[in-house]
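Here's the structure, in structure tokens; my notes come after.
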Amino acid sequence: MNTVRIDSANFLLPSSWDELTEKQLLFVANLFKGRLSVIDFKLKVLLHCLGIKPKVIQRIDPEDAYFLCQSFDFLLQDVRLTRNLIPVIRRRFTRYYGPSDKMLHCTFGEFTRAHNKLDQYIKTRDEKVLNEIVAILYRPKKAFWFIRKRFTNNRDPRQKLHDLTLKKRIVLFASLDPGIKYGIFLFFTGVLNNLPLQFPNLFRKKDDHGGENKYGWVPLVISLADGKTDDESLERVLNSNLYNVFFGLEQKAIEYYKFLENSKRHE
């Protein structure tokens, strides 16, 4: 956080994605959906975070105002948001719960499904696809979770992902505030952008180990299921914890690249 003093008042300004508040994230999400110049974008964010009127900014030295605006450069770089600042969505009389920070308690199947839709949304910017992403990630809480959580190692309070209820949520979330949906998109994008930092060998650039895989996650899922394609084997993989899968794959990637290096030395 950056501390700013104006007259006799102190203000805190975020210096990274994870220091944003929910209100600030939603404000930024709505700005991204508009067509603003970089200067106007930063100035609006500055005024919002300070909670002051535009005329008050005139009392700040121009050089100081410029420096404060520059502190928001991180918003125009790769999204690094890993805190879920929108943990709950309320629709009608139901609460829908989102993933934990960094998606620590998500399943591999949920992640791959949302990731495929994210790629589709980035290409098309189709709002219907964004509704699907939100519907995949946000689900009602499990029945009697306040009791069940005491007798399980699974820390995810959300119900399992089912196609039937998913379709209903897609329709329900169609009328959700666009800023909220885009804020969820930013969170998921931030988690994706941070995974290569945690698993550098697994997420090496595609140029380092062959071309793009047009089949997406399917070959990897089948590989993790020991080449089996029956429903039980595939479900076992898809219902595994996301990070457990990635930790295992990272170790395999390390072994693979060591093997390649040793092979080159022998040649």
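- Between His105 atom NE2 and Asn154 atom CG the span is 8.5 Å, to the nearest 0.5 Å.
- Remark: Asn131 CG to Ile136 CD1 distance equals 11.0 Å, nearest 0.5 Å.
- Looking only at side-chain heavy atoms (C-beta outward), Lys44 and Phe27 come within less than 4.5 Å of each other.
- For the residue pair Asn84 and Asp101, the shortest heavy atom distance occurs at N-OD1, 2.9 Å.
- Residue Gln24 comes nearest to Cys49 through the heavy atom pair NE2-SG, 3.7 Å, listed as atom of the first residue, atom of the second, then distance.
- There is a side-chain donor-acceptor pair under 3.5 Å between Arg91 and Ser175.
- Around the CG atom of Leu197, the shell of radius 6.0 Å holds more than 12 heavy atoms that belong to other residues, nucleotides or ligands.
- Classification of the Phe199-Phe247 ring pair by plane angle, with boundaries at 30° and 60°, yields perpendicular.
- With respect to Leu25, the side-chain contact (heavy atoms from CB on, under 4.5 Å) criterion is satisfied by exactly one of Leu81, Ile184, Ile180: Leu81.
- Residue Leu13 comes nearest to Leu46 through the heavy atom pair CD1-CD1, 3.9 Å, listed as atom of the first residue, atom of the second, then distance.
- Distance check: Ile133 CD1 to Leu118 CG gives 5.0 Å after rounding to the nearest 0.5 Å.
- Asn201 is not listed as a side-chain neighbour of Tyr256, based on a closest heavy-atom distance of 4.5 Å or more.
- Side-chain contact check for Pro99 versus Arg158: some heavy-atom pair is nearer than 4.5 Å.
- In plain terms, the two heavy atoms of Leu238 and Thr107 that are nearest each other are O-CB, 3.3 Å.
- The structure places SG of Cys106 at 10.5 Å from CG of Leu161, a figure rounded to the nearest 0.5 Å.
- Counting heavy atoms of neighbouring residues, nucleotides and ligands inside a 6.0 Å radius, atom CZ of Arg150 does not exceed 12 of them.
- Electrostatic pairing of Asp126 and Lys128 does not count as a salt bridge here, judged by no charged N lying under 4.0 Å from a carboxylate O.
- At a threshold of 4.5 Å between non-hydrogen side-chain atoms, the residues Val171 and Lys167 do not count as touching.
- Remark: Asn194 pairs with no residue by the side-chain hydrogen bond (donor to acceptor under 3.5 Å, both in side chains) rule, at least two apart or across chains.
- Looking at Arg155, its side chain does come within 3.5 Å of a backbone N or O of Lys149 through a donor-acceptor pair.
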Derivation and outcome, side-chain contact (heavy atoms from CB on, under 4.5 Å), residues Leu242 and Glu110: CA-CA 9 Å; Leu242 171 64; Glu110 173 186 359; over 6 Å; no

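- Residue-environment remark: NZ (Lys142) exceeds the threshold of 12 foreign heavy atoms within 6.0 Å.
- In the hydrophobic cluster analysis, where Ile, Leu, Val, Met, Phe, Trp and Tyr join through side-chain heavy atoms closer than 4.5 angstrom, Phe187 is grouped apart from Tyr97.
- Under a hydrophobic-cluster definition in which Ile, Leu, Val, Met, Phe, Trp and Tyr are linked whenever side-chain heavy atoms come within less than 4.5 Å, directly or via other members, Tyr66 and Phe41 are assigned to different clusters.
- In summary, the aromatic rings of Phe185 and Tyr182 are positioned with their centroids under 6.0 Å apart.
- Looking only at distances, a side-chain donor or acceptor of Ser240 sits under 3.5 Å from a matching main-chain atom of Arg236.
- A 6.0 Å sphere centred on CZ of Arg125 holds more than 12 heavy atoms belonging to other residues, nucleotides or ligands.
- Side-chain contact between Trp17 and Leu186 is present, with heavy atoms from C-beta onward closer than 4.5 Å.
- Side-chain atoms of Met103 and Leu137, non-hydrogen and from C-beta on, do get closer than 4.5 Å to each other.
- Going from atom CG of Leu47 over to atom SG of Cys69 covers 8.0 Å, rounded to the nearest 0.5 Å.
- Note on Leu76 and Val79: same hydrophobic cluster, where clusters join Ile, Leu, Val, Met, Phe, Trp and Tyr whose side-chain heavy atoms are under 4.5 Å apart, directly or indirectly.
- Taking the side chain as every heavy atom from C-beta outward, Arg139 and Arg169 approach each other to under 4.5 Å.
- Heavy atoms from other residues, nucleotides or ligands lying under 6.0 Å from NZ of Lys42 number more than 12.
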side-chain contact (heavy atoms from CB on, under 4.5 Å) assessment of Leu75 paired with Leu31: CA-CA 11 Å; Leu75 293 173; Leu31 289 184; over 6 Å; no

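- Tracing side-chain contacts under 4.5 Å through hydrophobic residues (I, L, V, M, F, W, Y), one reaches Phe151 starting from Phe144; they form part of the same cluster.
- Within a 6.0 Å radius of NZ in Lys168, no more than 12 heavy atoms belonging to other residues, nucleotides or ligands are found.
- Ring planes of Phe246 and Tyr243: perpendicular class, angle over 60° (limits at 30 and 60°).
- Annotation: side-chain hydrogen bond (donor to acceptor under 3.5 Å, both in side chains) contacts of Thr152 (sequence neighbours excluded): none.
- Minimum interatomic distance between Leu12 and Thr3 (heavy atoms only, all atoms of both residues): CD2-OG1, 3.4 Å.
- Linking Ile, Leu, Val, Met, Phe, Trp and Tyr residues whenever their side-chain heavy atoms come within less than 4.5 Å places Phe74 and Leu43 in a single cluster.
- Results of the side-chain contact (heavy atoms from CB on, under 4.5 Å) test with Val134 over Phe188, Tyr96, Phe173 single out Phe173 as the only residue that passes.
- Taking OG1 of Thr165 as the reference point, atom CD1 of Ile170 lies at 10.0 Å (rounded to 0.5 Å).
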Stepwise side-chain contact (heavy atoms from CB on, under 4.5 Å) check, Glu250 with Gln198: CA-CA 9 Å; Glu250 175 70 6; Gln198 296 176 270; over 6 Å; no

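- When all heavy atoms are compared, the tightest approach of Val88 to Arg95 is CG1-CB, 3.9 Å.
- Between the side chains of Thr82 and Asp18, at least one donor N or O sits under 3.5 Å from an acceptor N or O.
- Asp177 has its side chain out of reach of Leu26: every pair of non-hydrogen atoms, C-beta onward, lies at least 4.5 Å apart.
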